[in-house]
Structures are given as structure tokens and as C-alpha cells.
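Everything on this sheet refers to the single structure shown next.
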2 protein chains.
Amino acid sequence: MQPPYHRLEEFVPLTQHELTIARGWLSDRRQLARGHCIRREGDPVHGVFFLLEGWVGSSLILRGGKRQIAKIHLPGDMLGFPSLSLSKAVETLEAVTDITFCTIPNLMIGRMFENAPRLSVAMFLSSQLERVALMQNLSWVGAASAMERVTTFLLDLHDRLQAAHLVKDAGFDFPLTQVQVGELLGLTPVHVNRTFRRLDETGYIERERGHMIIKDAASLRRLTAGFVPDKAGHAAWDRLGQPS
Amino acid sequence: MQPPYHRLEEFVPLTQHELTIARGWLSDRRQLARGHCIRREGDPVHGVFFLLEGWVGSSLILRGGKRQIAKIHLPGDMLGFPSLSLSKAVETLEAVTDITFCTIPNLMIGRMFENAPRLSVAMFLSSQLERVALMQNLSWVGAASAMERVTTFLLDLHDRLQAAHLVKDAGFDFPLTQVQVGELLGLTPVHVNRTFRRLDETGYIERERGHMIIKDAASLRRLTAGFVPDKAGHAAWDRLGQPS
DNA sequence: CGGGCTATTGAAGTTGATCAATAACGGTGG
DNA sequence: CCACCGTTATTGATCAACTTCAATAGCCCG
């Protein structure tokens with residue numbers, strides 16, 4: 001199966017040289033069952049991870065035991081970059097479904113910066129995109145109602161799944177528990193449930209056994225908290241003077 | 001005055017070559033009065049910014065007009081990186097105090113990646129640190145009480161100001177309005193006020209005319225929501241194989 | 001078949017929001 | 001230097017969104 005390079009190629013197509021490097025990551029391919037952790041808060045930082053199949057939640061744990069999921073990662077995402085700057089990992093990376101992923105050791109990242117400046121810029125820009133996503137999540141959690149948070153999340157998820165070719169007829173697998181959605185959006189599972197129910201009573205969505213269908217995306221979008229900004233794509237590349 | 005390079009040198013000291021590059025940024029030095037914007041949401045992305053003096057808030061605006069401040073930036077911070085990946089800026093960068101800053105045009109960033117891999121890695125790691133800070137802010141806003149949010153924020157601010165040599169005897173200038181603190185922490189200004197008052201009635205802090213003193217940091221820290229993770233510092237550099 | 005997690009629903013409780021009014025401050029122009 | 005005005009801070013009273021508590025039902029897995 002073709003590895004999901006769509007996130008890496010958002011800004012510029014990879015050259016043969018870069019594809020070779022990216023294929024090098026795939027050597028150490030691993031599987032993990034739902035509920036298990038790629039790594040936990042406090043673990044040493046051995047590298048970053050490339051998610052090939054399945055969903056992963058990256059979360060922080062607060063004093064008091066509450067957990068905040070910072071992001072739900074989908075196939076093609078690179079995981080664990082933030083902790084590269086820390087002495088120990090902050091984020092727990094937990095498999096939401098069964099997953100396949102690769103570990104990219106620290107040294108490979110260092111070498112990439114020396115030998116593959118274009119790929120480095122791609123990763124750099126990708127990281128900035130993640131920062132934007134995080135800022136948006138923060139803004140929803142900090143300033144939007146429960147209904148706005150849920151609808152915004154569902155539509156964003158839908159768009160990202162679409163980019164990963166995982167949507168069929170506005171429907172997609174939805175393996176998250178309501179507890180997890182709550183931890184992502186800063187709501188209690190009970191309230192997530194009520195919000196979901198209101199949405200499918202109204203006919204905006206349809207849920208069943210780990211699957212979700214967006215019945216009326218246009219109306220749903222009117223309930224959201226804000227806009228998803230346009231990615232620059234290749235324009236970002238041009239802007240930087242098309243680094244070689 | 002020595003430019004505040006402490007953020008850039010968190011991971012590795014700059015070489016002469018890199019210092020030359022960094023000094024190049026300073027050519028286009030500008031001032032802005034409190035309340036004015038370096039740039040607004042929706043503006044074209046001409047470059048990123050290096051903050052020399054003063055405080056800047058970076059914020060997103062939601063449908064409905066509510067504003068979420070993602071971060072309060074202090075001298076030495078690089079601003080505006082996330083929008084490099086977008087066709088238009090998402091973040092509004094507003095001066096909280098009178099400020100001095102430099103604009104670093106996009107092309108200079110691109111050239112840096114080609115000619116100064118070490119500096120690029122430093123910026124890359126710095127960006128990851130920003131992601132961590134953002135994840136933490138998200139976790140406070142999503143899962144902590146008002147009191148926890150406020151105390152965590154104050155202590156974090158204190159630590160960052162200290163790194164910028166802007167703290168004297170546990171006291172520091174505090175130019176933020178309570179409205180702004182509210183927008184940062186996802187609270188109403190009224191509630192920020194009540195929380196502050198409770199803190200200084202109890203003797204944890206002291207406030208007056210744009211100044212704040214942390215009277216009892218140790219006790220205050222017991223009220224916070226979580227821990228500030230250790231930065232890797234030079235260890236991050238070693239980990240990556242000391243890129244040259 | 002049994003046990004544990006997940007979803008669902010109802011009732012009651014709280015934190016923090018909203019509304020509203022006043023006071024204090026800071027900057028401006030006369 | 002002072003009067004004025006808009007912004008900010010403060011405080012009280014009320015309200016509501018969401019939480020907490022609790023109980024039941026459904027599902028998945030071994």
C-alpha cells in the first residue's frame with residue numbers, strides 16, 4: 001500500500017531523493033492495538049513517529065488526573081514533534097484504533113536538516129500548520145459553546161479524513177468514545193452525548209456503531225465557531241523563495 | 001542594547017556566522033504604540049517578526065466576535081510563524097505595550113534554511129516549544145478551574161519574564177487588562193477580577209497600577225493545574241546529532 | 001454467559017456568565 | 001494644572017450552561 005505522504009507534500013512534491021529518505025522511515029514498521037500507547041508522558045524522547053494507519057490521540061495529563069486531548073491524529077500525520085524540544089515527552093500518544101506506525105529516530109531528523117533542506121522546510125511548514133490547528137482548537141475550547149465545539153470538530157475531522165481519502169459519501173468511521181470527544185473539547189461525556197443527540201434528532205448527522213454520517217454539512221457549518229483558514233500549499237513554497 | 005537572543009540560544013549558542021544573520025534582521029526596526037497591530041487576521045503574510053521590546057498578544061477571532069488570545073509574547077520571541085503555512089494570516093498580533101520589533105521577510109527565512117541549517121534547527125525546536133506551550137494553554141483552558149488557570153498563567157508568565165531578565169524581586173510589570181487575561185484563559189473579565197482579588201486577599205500576590213508581585217510562589221504553585229515541562233536545552237541538540 | 005466499558009437519560013447542583021451600576025484611573029485638551 | 005471623558009476595575013444580583021451524581025441499558029470481548 002502507498003504510504004500516506006499527503007501531509008508531507010502539502011507544500012511541495014517530494015523529489016526522488018526525498019522519497020528515498022521518506023521510504024527509509026518505513027523500515028521500522030510497527031503495529032499497536034487500540035488503547036495502547038506509542039509512548040507516555042514522561043518517557044524519554046527517542047524519536048518522532050509517522051502514522052500509517054489508524055487514529056492516535058495526543059494528550060496531556062493535568063494535576064487531578066484530568067486529561068486534555070490536544071489533537072486527534074490521522075494517517076499521514078507526524079507525531080511527537082513537540083517533545084523533541086523537551087527533556088522528557090509531555091504528550092501521551094494513545095492509539096484510538098488499531099494502528100500501524102513507524103519510528104523515526106532523532107538522528108534521522110538531525111541528518112534530514114543537514115542533507116535535505118527542502119524536506120526540512122516541508123516539515124517546518126507542516127509543524128506551523130499544526131500550530132494553527134492547535135490555536136484553533138484552543139479558541140473553540142476557550143470561547144465557543146458546546147454545540148459550536150462539537151460541530152466545528154466534526155466538520156474539521158470530516159475535512160481531514162477526506163484529505164486522507166477516508167470518507168465515503170459523507171460517512172466515515174468514528175472510533176472515538178464520547179469520553180474522548182469530551183477530553184478533546186473540554187466537555188463532560190454526558191454533555192457530549194446530549195449534544196450529539198440533539199444533532200442527530202435534528203437530522204444534521206447520523207450515528208451508529210462506530211460510524212458517522214454528515215447529512216447536512218452546509219447547515220452544520222452554520223453552527224460552527226469559526227473558519228478553517230486556507231492552507232498556502234505551494235504558495236508558501238514560493239514565498240520562501242523555493243528553497244532547494 | 002543587546003538584542004534578546006535568549007530564545008534563539010536555548011538549544012545551542014549561535015556562531016559568528018549565525019549572529020551575523022540574526023543581526024541582519026535588526027535592520028528594519030520599528031516601533032508601535034500600545035493597542036496597535038503588527039498585523040491583523042486576513043492580512044497577507046509578508047514575513048515573521050522578532051520582538052525586541054514590549055509585550056504582544058497573538059489572537060484569533062471567532063464568529064460572534066469573541067476573541068481568543070493564544071499567547072502573550074515577550075521580548076525575544078519570534079512572532080507570526082504559524083501563518084507562514086497559510087494563504088492569509090490567521091493570527092492578529094496586537095501590541096499590549098509600546099513595542100519595538102523587526103520584520104523578517106519570507107525570503108530571509110527561506111535562505112536561512114539553505115545557508116544556516118543550525119539556525120534552522122534552532123528555530124524548528126523553538127517552534128516545537130511553542131507548540132508545547134500552546135498544548136499546555138489548551139489543557140488549562142479545557143480542563144482546569146478558573147483559579148487554576150489564573151495561577152498557572154501567572155507563574156508561567158513569571159518564569160518567562162525571568163528568562164528575559166524582566167523580574168525584580170518577584171515583581172514585574174503587568175500591562176494586561178483583565179479583559180485580555182480573560183481572553184487568554186477563556187474567562188470573563190468579571191471572573192478574572194474576582195479570582196485576582198481572592199489571590200491578593202489571601203496574600204499570594206500583590207497588584208497595583210500595572211505591576212504585580214508574587215508574594216508566595218511556593219503556595220501559589222500548589223494551586224496550579226500542572227507542571228511546566230523541562231526544556232531539553234542543549235540535550236535536544238545532542239539528540240539530533242549536533243547538526244552542523 | 002458474565003464483566004467491564006460505553007451510551008443514554010433524568011435530576012440536582014455549581015461554576016462561571018451575564019447584567020448592571022459605580023468607582024478609579026489615565027490620558028487629553030483647554 | 002485641572003476638568004473631562006473613555007477605558008478599566010470592582011462589586012452585587014441573577015441566570016444559565018454545563019457538571020455532577022446516579023441509575024439503567026446496550027454492546028463487545030473473552
Side-chain angles (χ1 to χ4, degrees), chain A residues 33-36 57 62 64-69 94-98 140-151 153 173-201 205-212 223 225, chain B residues 33-36 55 57 62 64-69 94-98 140-153 173-201 205-212 223 225:
Chain A
R34 179 185 170 197
H36 292 239
L62 300 202
K66 275 189 190 169
R67 202 164 77 132
Q68 175 70 41
I69 297 183
E94 182 185 334
V96 169
T97 65
D98 292 352
W140 305 333
V141 170
S145 70
M147 182 57 82
E148 289 170 327
R149 295 183 211 183
V150 169
T151 53
F153 165 62
D173 286 335
F174 189 83
L176 292 169
T177 67
Q178 295 177 1
V179 174
Q180 288 167 328
V181 175
E183 287 170 338
L184 179 71
L185 301 178
L187 298 169
T188 56
V190 175
H191 206 68
V192 170
N193 183 287
R194 294 195 221 275
T195 310
F196 272 164
R197 191 164 51 75
R198 250 195 302 157
L199 282 173
D200 68 11
E201 273 174 359
I205 65 174
E206 215 164 83
R207 294 172 296 153
E208 48 169 329
R209 32 180 84 246
H211 202 79
M212 175 150 318
L223 300 182
Chain B
R34 180 185 169 196
H36 292 238
W55 297 22
L62 299 202
K66 277 190 190 168
R67 202 166 76 133
Q68 175 70 40
I69 298 183
E94 182 185 335
V96 169
T97 65
D98 293 352
W140 304 333
V141 170
S145 70
M147 181 57 82
E148 289 170 328
R149 296 184 210 184
V150 169
T151 53
T152 311
F153 165 62
D173 288 335
F174 189 84
L176 292 169
T177 67
Q178 295 178 1
V179 174
Q180 288 167 328
V181 176
E183 287 170 339
L184 178 71
L185 300 179
L187 299 169
T188 55
V190 175
H191 206 70
V192 170
N193 183 287
R194 294 196 221 273
T195 310
F196 273 164
R197 192 165 49 77
R198 255 198 296 161
L199 282 173
D200 69 10
E201 275 175 358
I205 65 174
E206 217 165 81
R207 294 172 296 153
E208 51 171 327
R209 32 181 84 244
H211 202 79
M212 175 148 320
L223 301 181

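Letters A, B, ... are given to chains in the order of the sequence lines, protein chains preceding strands, and every chain is numbered from 1.
Nearest heavy-atom pair, B:Ala33 versus B:Asp98, reported as atom, atom and distance to 0.1 Å: CA-OD1, 3.4 Å. Residue A:Gly142 comes nearest to B:Gln68 through the heavy atom pair CA-OE1, 3.5 Å, listed as atom of the first residue, atom of the second, then distance.
We find the CE-CD1 distance between A:Met212 and A:Ile205 to be 4.5 Å, quoted to the nearest 0.5 Å. Expressed to the nearest 0.5 Å, how far CG of B:Asp173 lies from OG1 of B:Thr97 amounts to 9.0 Å. Within the model, atoms CD of B:Gln178 and CD of B:Glu183 stand 12.5 Å from one another, a figure rounded to the nearest 0.5 Å.
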query: For nucleotides 8-13 of chain C, read 5' to 3', which letter fits each nucleotide if B means a protein heavy atom sits under 4.0 Å from the base, S means only the sugar-phosphate is that close, and - means neither?
result: BBBB--
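A:Thr177 comes within contact range of the sugar-phosphate backbone alone, with a heavy-atom separation under 4.0 Å but no base atom that close. Residue-level contact check: B:Gly186 touches the backbone only, with heavy atoms under 4.0 Å from sugar-phosphate atoms and none from bases.
On the nucleic acid side, DNA chain D has its first and last nucleotide under 4.0 Å of a heavy atom of chain A at D:dC18 to D:dC28, going 5' to 3'.
When side chains are defined from C-beta on, A:Leu187 counts as touching A:Val150, because their heavy atoms get closer than 4.5 Å. The shortest side-chain heavy-atom distance between A:Leu199 and A:Leu223 falls under the 4.5 Å cut-off. No side-chain heavy atom of B:His191 sits under 4.5 Å from any side-chain heavy atom of B:Arg149. B:Glu206 is not listed as a side-chain neighbour of B:Asp200, based on a closest heavy-atom distance of 4.5 Å or more.
Remark on the helix from C:dC1-D:dG30 to C:dG30-D:dC1: inter-end axis angle 50°, axes from five-pair C1' superpositions, rounded to 10°.
Within a 6.0 Å radius of CZ in A:Arg34, no more than 12 heavy atoms belonging to other residues, nucleotides or ligands are found.
The 5' end of DNA chain C is approached more closely, in terms of each residue's nearest nucleotide, by B:Leu187 than by the other of B:Arg209 and B:Leu187.
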